[in-house]
Amino acid sequence: MSTYAVIDFETTGLSPNHGARPTEIAVVLVSNDRIIDRYQSLMNPGVHIPYDIQALTGITNAMVQKAASIGNVMKQAAEFVGSHPLVAHNAAFDQKFWDAELERIHLPRHQKFTCSLLLSRRIFPDAPNHRLGTLVRTFRLPDTGRSHRALADAESTAYLLLHLQNELMRRFKLSAVSHDLLLAIQSKSRHQLEACVRNHKC
DNA sequence: TGCCAGGCCCTCTTTAGGGCCTT
């Protein structure tokens, strides 16, 4: 089974194109149906964290004031990730920040992102909704602590990834789920995946 | 303090609009 690097950012806003910067990152490595390693760090964004985001994440300006610089943290995180495929919930969001911050320190990204939100929409279209917290409760995944903190959300995403893989193995009678299969399912429309299920091939 | 986004997906669609999801 592939080893995946599941990442989650907490940030000062929604878009790096409008000045938002990361305040925290976590990376968990998943292999052989379990979490095998973790990396987590606060970082000093150098910009004010809006009050509503402090309330959402619990990460305050005081907490990040003495944290390491974003550049140093991102370098460590990139080394921790190595060449493993990246996974995130709503990966488009985390990918924007990952790419923007790596570009600032002149580091490239080689691997593709897999999105557990897109996979969840394909595989469990009837879930109440596809927010990470809802999926954790719906599938009774392990409690990882305070949501909207990077390590807790990264671990929840990791358990969701394992749940998705197990469901695919059950549904398609597979002994393992390759990274290529995840990418293929992610790229299919919901209706295409339903056709795959009906035809027992995907 | 509040505002700032953008890709995906559905449908009352495709010459569009709006909800979902991330912080």
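Since the structure is predicted, the reported quantities are computational estimates derived from the model, not experimental observations. Letters A, B, ... mirror the listed sequences (proteins, then strands); counts begin at 1. Just so you know, these numbers use all the heavy atoms, side chains as well, and skip hydrogens, waters and symmetry mates.
Rounded to whole Å, the separation between the C1' atoms of B/dG6 and B/dT1 comes to 24 Å. Here, B/dC8 and B/dT13 have their P atoms 22 Å apart, quoted to the whole Å. To the nearest whole angstrom, the two C1' atoms, one in B/dA5 and one in B/dT23, are 11 Å apart. The C1' atoms of B/dC12 and B/dG19 are separated by 14 Å, rounded to the nearest whole Å. As rounded to the nearest Å, B/dG18 and B/dT14 have C1' atoms that lie 15 Å from one another.
A donor-acceptor contact closer than 3.5 angstrom links the side chains of A/H179 and A/T114. Between A/T134 and A/N129, the side chains place a donor N or O and an acceptor N or O closer than 3.5 Å (distance only, hydrogens not considered).
Counting to the nearest Å, the P atom of B/dC21 and the CG atom of A/L118 are 11 Å from each other. Rounded to whole angstrom, the span from the CZ atom of A/R131 across to the P atom of B/dG19 amounts to 14 Å. Rounded to a whole Å, the CH2 atom of A/W98 is 16 Å from the P atom of B/dT23. Between the CG atom of A/L56 and the P atom of B/dT22 there is a distance of 10 Å, given to the nearest Å. Atom NE2 of A/H89 and atom P of B/dG6 are 21 Å apart (whole Å). Rounding to whole angstrom units, CG of residue A/N90 and P of B/dC8 are separated by 10 Å. Between A/Q95 atom CD and B/dG6 atom P there is a gap of 14 Å when expressed in whole angstrom units. One can place CZ of A/F97 at 9 Å from C1' of B/dA5, the figure rounded to the nearest angstrom.
Proximity of residues 9-23 of chain A to DNA chain B (heavy atom under 4.0 angstrom from any strand atom) is restricted to A/F9, A/E10, A/T11, A/L14, A/S15, A/N17, A/H18.
Of the candidates B/dC8, B/dT23, B/dC21, B/dT23 carries the atom nearest the A/F93 side chain, counting heavy atoms from C-beta on. The nucleotide whose nearest atom lies closest to any side-chain atom of A/K96 is, among B/dC21, B/dA5, B/dT22, B/dA5. Candidate nucleotides B/dT22, B/dC8, B/dT23 were compared by shortest atom distance to the side chain of A/L132, and B/dT22 ranks first. The listed nucleotides are B/dC3, B/dT23, B/dC21; the one nearest the side chain of A/P50 is B/dC3.
Look at A/H130 and you'll find a side-chain N or O under 4.0 angstrom from OP1 or OP2 of B/dC21.
Residue A/D8 is classed as a sugar-phosphate contact, given heavy-atom separations below 4.0 Å to backbone atoms only. Among the atoms of the strands shown, none is found under 4.0 Å from any heavy atom of A/D94.
Relative ring orientation between A/F139 and A/F124 is described as tilted, the plane-to-plane angle lying within the 30° to 60° band.
Under the 4.5 Å side-chain heavy-atom criterion for Ile, Leu, Val, Met, Phe, Trp and Tyr, A/V27 and A/M74 are members of the same hydrophobic cluster.
A salt bridge is absent between A/R149 and A/E10: the closest approach of a Lys/Arg side-chain nitrogen to an acidic carboxylate oxygen does not fall below 4.0 angstrom.
Within a 6.0 Å sphere centred on CZ of A/R146, heavy atoms belonging to other residues, nucleotides or ligands number more than 12. Summarising the local packing, CD of A/E103 is surrounded by 12 or fewer heavy atoms from other residues, nucleotides or ligands at distances under 6.0 Å.
Residues A/H48 and A/L117 each lie close to DNA chain B; by heavy-atom proximity, the contact nearer the 5' end of the strand is made by A/H48.
Checked by atom type and distance alone, the side chain of A/T157 pairs as donor or acceptor with a backbone atom of A/D153 at under 3.5 Å.
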